[in-house]
Amino acid sequence: MTTFAIVDLETTGNAKEDRIIEIGIVITKETGSVIKEFSSLIYPDRGIPPFITSLTGIEEEDVLDAPFFSEIIDEVYHLIKDSYIVAHNIEFDLGFLNGEFKRCGYEPLHNPVIDTVELARILIPTSPTFKLGQLADLLGMGHDRPHRALSDAQVTRDLLIYLLKRMSRLPERTLFHLLKVEDKLKSELRPFITKIRDDKRYSLEKEEGYTLIQGIPVKKSSQPQAENSSQLPPFSEWVEEAYEDKEGMKKVIKHYESRTGQRDMTELVYESLEKSKHALIEAGAGTGKSIAYLLSSLYYAVRNGQRVLVTTHTTSLQQQLLEEEIPSLEHLFKRPIRAVLYKGRSHYISLIHFSYELEQSRQDNYDIALTKAIILVWLTETATGDVDEIQLPSNGRQFWHKVSAEQSTKTVDLDLGEDSFYQWAQEKASHADLLITNHALFCMDLVSEEPRLPAYDRAIIDEAHHLEPVASRYFGIRMNYKELQRQLSQFSDMFKKSTYRQWVFRESFYKEAKKCQATVDEAKEELNQLSKYIFQSIKRENKGDRKKSDVGRIQYALKMGESSGFQSTAREMSLRFTALLFKLITGMDHMREQMRLAASMAEDHSLPILITRLDRQIELCHQIRKQLTDYFDSDTEELVKWIEIEGEGANNSIYLFSEPLNIADLLREELFHKKESVVLTSATLSTDGSFSYMKELLGMDQEDLMESIIPSPYSYNRQVQVMVPNDFPDIKRNPEEYIDAISEAIYSIAEVTKGRMLVLFTSYDMLRKTYSLLKEIIDPEEFMIFAQGVSSGSRDRLKKNFQSFEQSILLGTSSFWEGVDIPGEDLSCLVMVRLPFQPPDQPVQSKRDVQMKESGRNSFMERSLPQAIIRFKQGFGRLIRSSTDRGVVFICDQRLMEARYGKYFLNSIPEVPVSYRSTRELINQMEQWL
């Protein structure tokens, strides 16, 4: 029976010169019984950094009397030398161990290994995290002392036994496919997989719950049955029961509190759907707007047998609707509710393409092998086939492009249920009461020639303040050098001779493939030259006064009708690139004809798969050619075009953008004139009590438009204080002094609030400078500082890091102004560095300003101010997320109190106490109030 040595180390850091400070080892059998445990602190012969002490609790005095590693090496070596070595991130622990063995004159160990991070990624593919402590919480394993070696080793043992049990429950055919990729993994799993597979092969027990599709076990799923409309009482009776009856919401929602605003909103949304009217409804934080519109839209859908579409901006809101709110409300209807999350083709796996790739596993690298293993196990669990359920390794996304349903084109009928999951999603959507999607697909459907969504007449747009920026993006163009290079690099697989080794083609076919590869190489080089030229030209332009985007990229606006030397050269170079794409299309067309001929003469499933991929590449080339030609050639005053470059990045990292100047006409024609009822809702749609700005922005000029502002039920006057310092330097005259004052204020406030601060910037440049200054003046043992775009990680990762440290400060720009929920005591203070006006030199903003001035309108009052007020309300909304939250909004911008327009900002938020005094006085006041 196999013996495992589960090892965990604590070290002074991750670098080569770092040393071990603690070791924990658990020797266990395959059954899980523990044979021996060993642990010891170790003298590292160097200092222990503060970060490591705060993580592990191990201080320098703790290791003063500990042995050197050389004093315990013999015991450690003999304890583990004959076992499988197991660790949670094997390369780290085994690397450090072997480093110490080598240092002490021992042979490094080459035992078989298991990495429980890798194994967990494969066997728990839908886990949101693979950190040991978080996995232990997720699986209900006790973990008394995280980041202490023996405790971590004990939890790793529990995890290993759990994972081996999970592996034993996999279908025999899944295990068979796993063996195709096992040799590329870090963990040596073959003996375990083979034994479990053989036991299953000769077992009399039937494997239930799976269907074999393309030879791959897939979780059985029931296909939707059409439900008739349900007999519900009239809406007024039904809604009364839902809100007031003890069998209504009080029964189905835990700790339900009746809110007048929520019921008002339910009735407004229903009226809009029933009377085929459009509506704008602002519902303050805490109204419970999603429950309000779900009740009315579900009632309408069930009663009338017509589906209603709900679109949101964030996936977290979609999950909340599907996993929490709709299941709770189902009890109020006389039949099951059918709510379907619907996404674009690229989200769903195509089983025929995945099956083909499994057979090509010989040349896989590590990331691809791991991705295939993850997908194989996930297919036994997923009901949707949606990639967002899993976390793929870094190059796994590349592989996903090959096996997603977007690979299957209409020109080739594979006739094998190739897009099962996408087709199932379409099938489910056709029977749905509620269709849930995101703003991106919603807007793509509005502009696309072929429908991207099933037909609908009534829609609820939640998080509606995002509709305009998302629509602008999809009604325009976004391209970047890296993505274009990635797409071109992926073409190469189709031109390798080895791809066609199982068929016999004439030599002319391989010559054509070789010419296509040469054209791809030429196109990549031409694209490289074009990008370098654009990059260097923009970097030279306006060296002193560069316009920056909110993520710090340098911007250059293209001027319509102007043929500057730069623009005409860029156009010529792009024409050379698009000419090569045309040459490539012609070559791929020739290849496709020969492949079609070969496919028609042989019963073969693989060749049609490759034809669909070639079709996809041809389609992509047409798309890129059209977009680039439109970008550099078409001159229209209705579009704003600009280029961004990474000032510090690679010298060809460029981004091309174009957006319509005005999307109101497009939305009016494509959405509001075509649909029966569209309800827009958000906590931030009005400015100074009016929807005028939003109506003009979105083209909502219907006479019978329904409008309503529902106030928040929170007691803001007791829960929030707004503080504005009156002694900050003038930012225009003394920008450096202003940053000094910001940094000092942040530090002083942090001492009062014990961290727990979110600082919102309007400029990435200022964020970076403030972060650098704070790092100089703040001791890392006192406060952890995280900054968007500086600290690594996504927005969600930064938020989690911020919440996991007791005393931390989070600096954010752009996306942190909205959609980030940090409830309760994790956030006590929100600092706004400036009022969130869009910089006037941003390409779209400046062109709109010019256009409005030319038509005699006041662009500041009609556009810039309302836009800033909505952003301000979003920022303000970050602080209070429940009726028990308390906190301070500290606004370092005297314009709020001194400019004539300041009152419009304050009039747009709930009534709260506002103090305007010196920074020191405000901090004293904050200390007393908090």
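In this text the structure is predicted, and so the values were computed from the model without any measurement. All heavy atoms count here, side chains included; hydrogens, waters and symmetry mates do not.
- Looking only at distances, no side-chain donor or acceptor of Gln134 sits under 3.5 Å from a matching main-chain atom of Thr129.
- Looking at Thr126, its side chain never comes within 3.5 Å of a backbone N or O of Ile390 through a donor-acceptor pair.
- Between the side chains of Tyr764 and Gln788, no donor-acceptor pair of N or O atoms lies under 3.5 Å.
- Here CD of Glu898 is found 3.0 Å from OH of Tyr916. Values are rounded to the nearest 0.5 Å.
- The minimum heavy-atom distance between Ile645 and Lys539, with the atom names listed, is CD1-N, 4.1 Å.
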Practice prompt. Give the C-alpha distance, both sets of side-chain angles, the deciding distance and a yes or no for side-chain contact (heavy atoms from CB on, under 4.5 Å) between Phe728 and Asp893.
Written response: CA-CA 8 Å; Phe728 262 50; Asp893 194 330; over 6 Å; no
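- Evaluated for a side-chain contact (heavy atoms from CB on, under 4.5 Å) with Val831, the options Ile749, Leu758, Leu760 yield exactly one hit, Ile749.
- A 6.0 Å sphere centred on CD of Glu911 holds no more than 12 heavy atoms belonging to other residues, nucleotides or ligands.
- In terms of heavy-atom proximity, Thr919 sits nearest to Pro725 at OG1-CB, 3.5 Å.
- Between Asp885 and Leu879, every side-chain heavy-atom pair lies at or beyond the 4.5 Å cut-off.
- Taking each heavy atom of Ser151 and Pro146 in turn, the nearest pair found is OG-N, 4.5 Å.
- Between Ile58 and Ile48, the shortest heavy-atom distance links the atoms O-CG2, 3.9 Å.
- The only option from Leu774, Leu773, Leu767 that meets the side-chain contact (heavy atoms from CB on, under 4.5 Å) definition with Thr770 turns out to be Leu774.
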Worksheet item: Val155 and His88: side-chain contact (heavy atoms from CB on, under 4.5 Å), yes or no, with the steps?
Response: CA-CA 10 Å; Val155 172; His88 202 69; over 6 Å; no
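- Closest approach of Pro44 and Arg19 over heavy atoms only: O-CG, 3.5 Å.
- Panel note: side chain Ser763, backbone Met766; a donor-acceptor pair is recorded below 3.5 Å.
- For the atom pair CD (Gln154) and OG (Ser39), the distance works out to 8.5 Å, reported to the nearest 0.5 Å.
- Side-chain atoms of Lys775 do not come within 3.5 Å of backbone N or O of Ile785 as any donor-acceptor pair.
- Of the residues Phe890, Phe905, Tyr716, the one that meets the ring pair (Phe, Tyr, Trp, His ring centres under 6.0 Å) test with Phe876 is Tyr716.
- Between Glu736 and Lys769, the closest side-chain pair of non-hydrogen atoms falls below 4.5 Å.
- Counting heavy atoms from C-beta outward, Tyr162 and Ile124 have side chains that approach closer than 4.5 Å.
- Taken from CD in Glu323 to CD in Gln318, the straight-line distance is 10.5 Å, to the nearest 0.5 Å.
- For Tyr771 and Phe761, the ring centers are positioned 6.0 Å apart or more.
- Here the closest heavy-atom approach between residue Phe38 and residue Leu150 is recorded as O-CD1, 3.8 Å.
- Side chain of Gln719 to backbone of Ser882: a donor-acceptor contact under 3.5 angstrom is found.
- Put simply, the side chain of Gln721 never gets that close to the backbone of Met926: no donor and acceptor are under 3.5 Å apart.
- The backbone N or O of Glu59 sits less than 3.5 Å from a side-chain atom of Asp62, completing a donor-acceptor pair.
- For the pair Ile809 and Ile778, the minimum side-chain heavy-atom distance is below 4.5 Å.
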Item to complete: Tell me, with the steps shown, if Gln807 and Glu782 meet side chain to side chain donor-acceptor pair (under 3.5 Å).
Response: CA-CA 7 Å; Gln807 304 210 142; Glu782 196 178 0; 5.8 Å; no
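- Here Lys873 pairs with Glu282 in a salt bridge; the nearest charged N to carboxylate O distance falls below 4.0 Å.
- Using a distance-only test at 3.5 Å, with no hydrogens or angles considered, no donor-acceptor pair links the side chain of Asn717 to the main chain of Val912.
- Under 4.0 Å is where a charged nitrogen must lie from a carboxylate oxygen, and between Arg121 and Glu118 no such pair does.
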Fill in: Test side-chain contact (heavy atoms from CB on, under 4.5 Å) applied to Glu463 and Thr314, step by step
CA-CA 8 Å; Glu463 302 177 303; Thr314 55; 3.0 Å; yes
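- Using modelled atom types, one side-chain atom of Ser772 and one backbone atom of Arg768 make a donor-acceptor pair closer than 3.5 Å.
- More than 12 heavy atoms of other shown residues, nucleotides or ligands fall within 6.0 angstrom of atom CZ in Arg478.
- The aromatic rings of Tyr901 and Phe837 stand perpendicular to each other, their planes meeting at an angle above 60°, with 30° marking the opposite boundary.
- Two residues are said to be in side-chain contact when any heavy atoms from C-beta on lie closer than 4.5 Å; Leu906 and Leu896 meet this criterion.
- Using a distance-only test at 3.5 Å, with no hydrogens or angles considered, no donor-acceptor pair links the side chain of His147 to the main chain of Ile52.
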Discussion item. Before you tell me yes or no, could you show the steps for Gln391 and Phe130 under side-chain contact (heavy atoms from CB on, under 4.5 Å), namely the whole-Å CA-CA distance, both residues' side-chain angles and the distance that decides it to 0.1 Å?
Written reply: CA-CA 10 Å; Gln391 292 183 50; Phe130 297 99; 4.0 Å; yes
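- The CD atom of Glu10 sits 7.0 Å away from atom CG of Leu55, with the distance rounded to the nearest 0.5 Å.
- Thr312 and Asp462 form no side-chain donor-acceptor contact under 3.5 Å, judged by distance and modelled atom types alone.
- Expressed to the nearest 0.5 Å, how far CD1 of Ile869 lies from OG of Ser686 amounts to 9.0 Å.
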Discussion item. Before you tell me yes or no, could you show the steps for Glu22 and Thr56 under side chain to side chain donor-acceptor pair (under 3.5 Å), namely the whole-Å CA-CA distance, both residues' side-chain angles and the distance that decides it to 0.1 Å?
Written reply: CA-CA 10 Å; Glu22 189 177 34; Thr56 62; over 6 Å; no
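- The number of heavy atoms from other shown groups lying within 6.0 Å of CG (Asp730) is above 12.
- Side-chain atoms of Asp740 and Ser743 form no donor-acceptor pair, as typed in the model, at a separation below 3.5 Å.
- Residues Glu100 and Ile23 fail the side-chain proximity criterion, which asks for heavy atoms closer than 4.5 Å.
- Looking only at side-chain heavy atoms (C-beta outward), Arg920 and Ser748 come within less than 4.5 Å of each other.
- A ring-centre distance under 6.0 Å is not found for Phe69 and Phe96.
- Side-chain atoms of Phe872 and Thr687, non-hydrogen and from C-beta on, never get closer than 4.5 Å to each other.
- Here the CG-CZ distance, from Leu810 to Arg878, works out to 12.5 Å after rounding to the nearest 0.5 Å.
- Between His439 and His466, the ring planes lie tilted relative to each other; the angle falls in the 30° to 60° range.
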